[in-house]
Amino acid sequence: MYAFGKINTYEEKLDLKKIVSEVDLEEMEEALNICDLSTLAKKYKTWMKYMPRIKPYYAVKCNDDALIVRELADLGTGFDCASKNEIKLALEAGASPEHIIFANPCKPVKHLQYAKEKKVMSSTVDTEYEIYKIFEHYPESNLVIRFRSEAKEAQCPLGDKFGCDAEADAAALILLAKSLGLAVIGVSFHVGSGCCDFPAYSRAIITAKNLFQFGKILGYEMRLLDIGGGFPGADDEKFATISKIVNAAIDRHFPDENVEIIAEPGRFFVASAYTLIGKIHAKRDIRTDKNTDLKMYYINDGVYGSFNCVLYDHQEITAEHLLDENEDLQKFKSLIWGPTCDALDKITENAYLPNLSCGDLIAFPNMGAYTVPIASPFNGFLVPKTLYFKAA
Ligand SMILES: Cc1ncc(COP(=O)(O)O)c(C=O)c1O
């Protein structure tokens, strides 16, 4: 039997159907997450194959499960932490402070003091207020100036909230740091999570180069380029395309191997590590005319649980009828609702599924990014339980 809270092993391939048939899902109220920790090693290998010069610093916010963080620490990634608790988690997983970047440009003082206590030296900043704060509370910090350089299209743009204007403000911030005697070691950007405009990376890298030159003129040894996140979770072909653009820009603008280049991927590592299994507990048929019949299913997880990613992360959800042996069954347009009494709690209206019944299971692949840490038990519906697996 499989154990919750422990890592279960499998021989060759993770067999979802077998697992699901062996877990007593009838007794389980909540949905089931199946997490394949071996996915992380595969993703790490893919990363190193395509972008060997760039060290990934996993963005803990994306999925702060302790086993995920530990697995990545063992693989040798660094960590992008946004808060005191994320730093604590990364340290507890075995990360060394030099391999953590405090990449939240707006930091509560107590969190900054914690970073100081734990000797996490590198911090991103994007305003003069933050520079003064660091001057007062942690002047030994190594500053990384975060500038704004957005993709034309991204699942979750970040530029309204973070990043200084590269032309109007970045140089002034570097000058301010200089006048306060603080160390600036480099620059960072984030093109937006779920980036759909890949040349955005190369535009940002050119801007980074100009800021490096400005820093050098002021006498700084600019030695860190942080290219942020934005990489796809489940599409390694797209990742390969991005890597070509990034590598070409880096070879051209940062040929000096002494410059350390890092990235802050979140989604890339964890999205495909999770498959969520939801169970139907209610059903409704909407009959209009023959061609537009719609089947509605109500399942035990929704947008207040793992599917918060539909609201916050603008994710498009894929639904599969996991236990269906018969591929030829007729499929119907299906709308899947979450369990709460809120009509906003809609998971997808674009699923095509066989005619399912209460008790049937639906599998949702690629559910590892921006899902688990945000889920709440609103309306009394429990958040999913997770079973962890790893290849033996
Ligand atoms: C500062 C920072 N770095 C990295 C990430 C991770 O981005 P992604 O999951 O797109 O790789 C985020 C996401 O919001 C972020 O805010």
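The figures that follow rest on heavy atoms only: side chains count, while hydrogens, waters and symmetry mates do not. Start at 1 and go down the list; that is how both ligands and their atoms are numbered.
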Please report, to 0.1 Å, the donor-acceptor pairs under 3.5 Å made by any side chain of residues 98-110, with sequence neighbours excluded.
from, atom 1, to, atom 2, distance (Å)
His99, ND1, Ser96, OG, 3.2
Asn104, OD1, Cys106, N, 3.1
Asn104, ND2, Ala82, O, 3.1
Lys107, NZ, Asn104, O, 2.7
Lys107, NZ, Thr124, O, 2.7

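- Near ligand 1, residues Ala59, Lys61, Asp80, Ala103, Arg146, Leu158, His190, Ser193, Gly194, Gly229, Gly230, Glu264, Pro265, Gly266, Arg267, Tyr370 come within 4.0 angstrom through at least one heavy atom.
- For the residue pair Asp342 and Tyr304, a side-chain donor N or O sits within less than 3.5 Å of a side-chain acceptor on the partner.
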Run the side-chain donor-acceptor check on residues 381-390: report pairs under 3.5 Å with partners two or more places apart or on a different chain.
from, atom 1, to, atom 2, distance (Å)
Tyr388, OH, Asp65, OD1, 3.4
Tyr388, OH, Asp65, OD2, 2.3
Lys390, NZ, Glu71, OE1, 3.3
Lys390, NZ, Glu71, OE2, 3.0

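- With hydrogens and angles left out, the side-chain atoms of Tyr50 and Asp236 include no donor and acceptor closer than 3.5 Å.
- Using a 4.0 Å cut-off between charged side-chain N and carboxylate O, Asp197 and Arg203 make a salt bridge.
- The side-chain contact (heavy atoms from CB on, under 4.5 Å) search around Val60 returns Tyr58, Asp64, Val69, Phe79, Cys81, Glu86, Leu89, not counting sequence neighbours.
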